[in-house]
Amino acid sequence: MNEDDERWMRRAIEIARSKGSDPSTSPLGSVIVLDGREIAGERNQTQELPDATAHAEMMAIRRACEDTGELELRGATLYSTLQPCGMCTMASIWSKVGRVVYGAGREDVHPMYFEARHVDTLSFIADAYRDDIVIEGGCLREECAGLYYPPDADLPRDEQANL
């Protein structure tokens, strides 16, 4: 990872914070960059729309395709403050994003932010029918993890989004 990656991840963090600072609202941010310019930047909007598929990455992919007028985002990099879930990983594969960079990983945050049954998205990408997608984690890991509940947070079960 390089300075550009940190710059774009800071932008994703800024977008995530636009939702507020309450970790219970899943303040995820995602940015898609193509040829050095931001073509989409979105945050989680599941509650607002309401739409279970309105994750930050999904919304950013939709906006990027609208912006470019293309179905495929070859050569683009998707930045996400949190390791993408299975749905968002699949959307990255189908939209043909060339690279995914995320901040905090599963081990850095409370389990409520992921599927109740673990989907190993990193292995999923490695085993996908495409071999031209790169996924890298840990970009500004601590700053990104600070957006969410820590792994050992003692939260009432009814406040845990995905359980």
Side-chain angles (χ1 to χ4, degrees), residues 1-33 38 40-62 76-95 97-128 133-163:
M1 284 185 246
N2 57 44
E3 288 179 17
D4 281 341
D5 291 333
E6 289 186 7
R7 175 178 150 223
W8 292 116
M9 187 59 73
R10 287 190 199 292
R11 173 72 176 127
I13 291 169
E14 176 186 336
I15 291 168
R17 287 189 176 141
S18 74
K19 188 167 184 171
S21 60
D22 184 350
S24 69
T25 64
S26 298
L28 277 77
S30 185
V31 174
I32 298 181
V33 175
E38 179 181 327
E42 294 288 337
R43 60 182 175 77
N44 242 23
Q45 298 172 50
T46 53
Q47 295 296 319
E48 299 90 331
L49 289 182
D51 178 351
T53 68
H55 291 194
E57 301 93 335
M58 300 289 288
M59 299 302 291
I61 289 170
R62 290 174 187 151
T77 299
L78 182 148
Y79 293 89
S80 180
T81 55
L82 188 60
Q83 182 179 335
C85 70
M87 175 181 67
C88 295
T89 298
M90 207 55 217
S92 298
I93 291 170
W94 279 103
S95 65
V97 166
R99 185 170 171 243
V100 175
V101 176
Y102 66 87
R106 295 181 70 97
E107 68 283 354
D108 301 315
V109 300
H110 195 276
M112 71 175 268
Y113 298 107
F114 290 94
E115 302 88 356
R117 298 183 84 172
H118 177 56
V119 174
D120 184 353
T121 56
L122 303 180
S123 293
F124 189 82
I125 287 209
D127 293 340
I133 187 170
V134 175
I135 188 163
E136 299 177 80
C139 184
L140 302 179
R141 178 187 311 268
E142 290 180 20
E143 287 180 57
C144 289
L147 295 166
Y148 314 105
Y149 289 120
D152 58 352
D154 186 19
L155 303 173
R157 189 164 180 81
D158 63 341
E159 291 182 27
Q160 297 183 39
N162 292 329
L163 299 179

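Because the structure is a prediction, the values reported are computed rather than measured.
Between Arg11 and Glu14 a salt bridge is recorded (basic side-chain N to carboxylate O distance below 4.0 Å). With respect to Glu48 and Arg43, a salt bridge is recorded, a charged nitrogen being found less than 4.0 Å from a carboxylate O.
What you find for Gly105 and Leu82 is that their closest heavy atoms are O-CD1, 4.4 Å. Met87 approaches Thr53 most closely through the heavy-atom pair CE-CA, 3.7 Å. Scanning all heavy atoms of the two residues, the minimum distance from Tyr149 to Asp22 falls at OH-OD1, 4.0 Å. Closest heavy-atom contact between Pro111 and Pro151: CD-O, 3.9 Å. The minimum heavy-atom distance linking Ala40 with Ala60 is given by the pair CB-O, 3.3 Å. The minimum heavy-atom distance linking Arg99 with Ile133 is given by the pair N-CG1, 4.5 Å.
Counting heavy atoms from C-beta on, the side chains of Ile15 and Ser30 never come closer than 4.5 Å. At least one side-chain heavy atom of Trp8 sits less than 4.5 Å from a side-chain heavy atom of Glu38. At least one side-chain heavy atom of Leu140 sits less than 4.5 Å from a side-chain heavy atom of Arg10. Contact of the Cys144 side chain with the Ile13 side chain is registered, since non-hydrogen atoms from C-beta on lie closer than 4.5 Å. Inter-residue side-chain proximity for Met59 and Leu49 is flagged as met; some heavy-atom pair is nearer than 4.5 Å. Within the 4.5 Å cutoff, no side-chain heavy atoms of Gln45 are placed close to those of Asp51. Looking at Pro27 and Tyr148, their side chains come closer than 4.5 Å, going by heavy atoms from C-beta outward. Considering only heavy atoms from C-beta on, Tyr113 stays 4.5 Å or farther from Cys85 through its side chain.
Heavy-atom contacts from other residues, nucleotides or ligands closer than 6.0 Å to CD of Glu107 number more than 12. Within a 6.0 Å radius of CG in Asp152, other residues, nucleotides and ligands contribute more than 12 heavy atoms.
The distance from the CD atom of Gln83 to the OG1 atom of Thr89 is 7.0 Å, given to the nearest 0.5 Å. We find the CD-OG distance between Glu57 and Ser80 to be 3.5 Å, quoted to the nearest 0.5 Å. The line from CD1 of Ile93 to CD1 of Ile135 is 8.5 Å long, rounded to the nearest 0.5 Å. We find the SG-CG distance between Cys139 and Asp5 to be 5.5 Å, quoted to the nearest 0.5 Å. Once rounded to the nearest 0.5 Å, the distance linking OG of Ser95 with CZ of Arg62 reads 11.5 Å. Atom CE of Met112 and atom CG of Leu155 lie 6.5 Å apart (nearest 0.5 Å).
The main-chain N or O of Asp4 is found under 3.5 Å from a side-chain atom of Asn2 such that the two form a donor-acceptor pair.
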Give the intermediate values and the outcome of side-chain contact (heavy atoms from CB on, under 4.5 Å) for residues Leu28 and His55.
-> CA-CA 8 Å; Leu28 277 77; His55 291 194; 5.9 Å; no
Checking side-chain contact (heavy atoms from CB on, under 4.5 Å) for the pair Glu6/Glu3: CA distance, chi angles, key distance, verdict?
-> CA-CA 5 Å; Glu6 289 186 7; Glu3 288 179 17; 5.6 Å; no
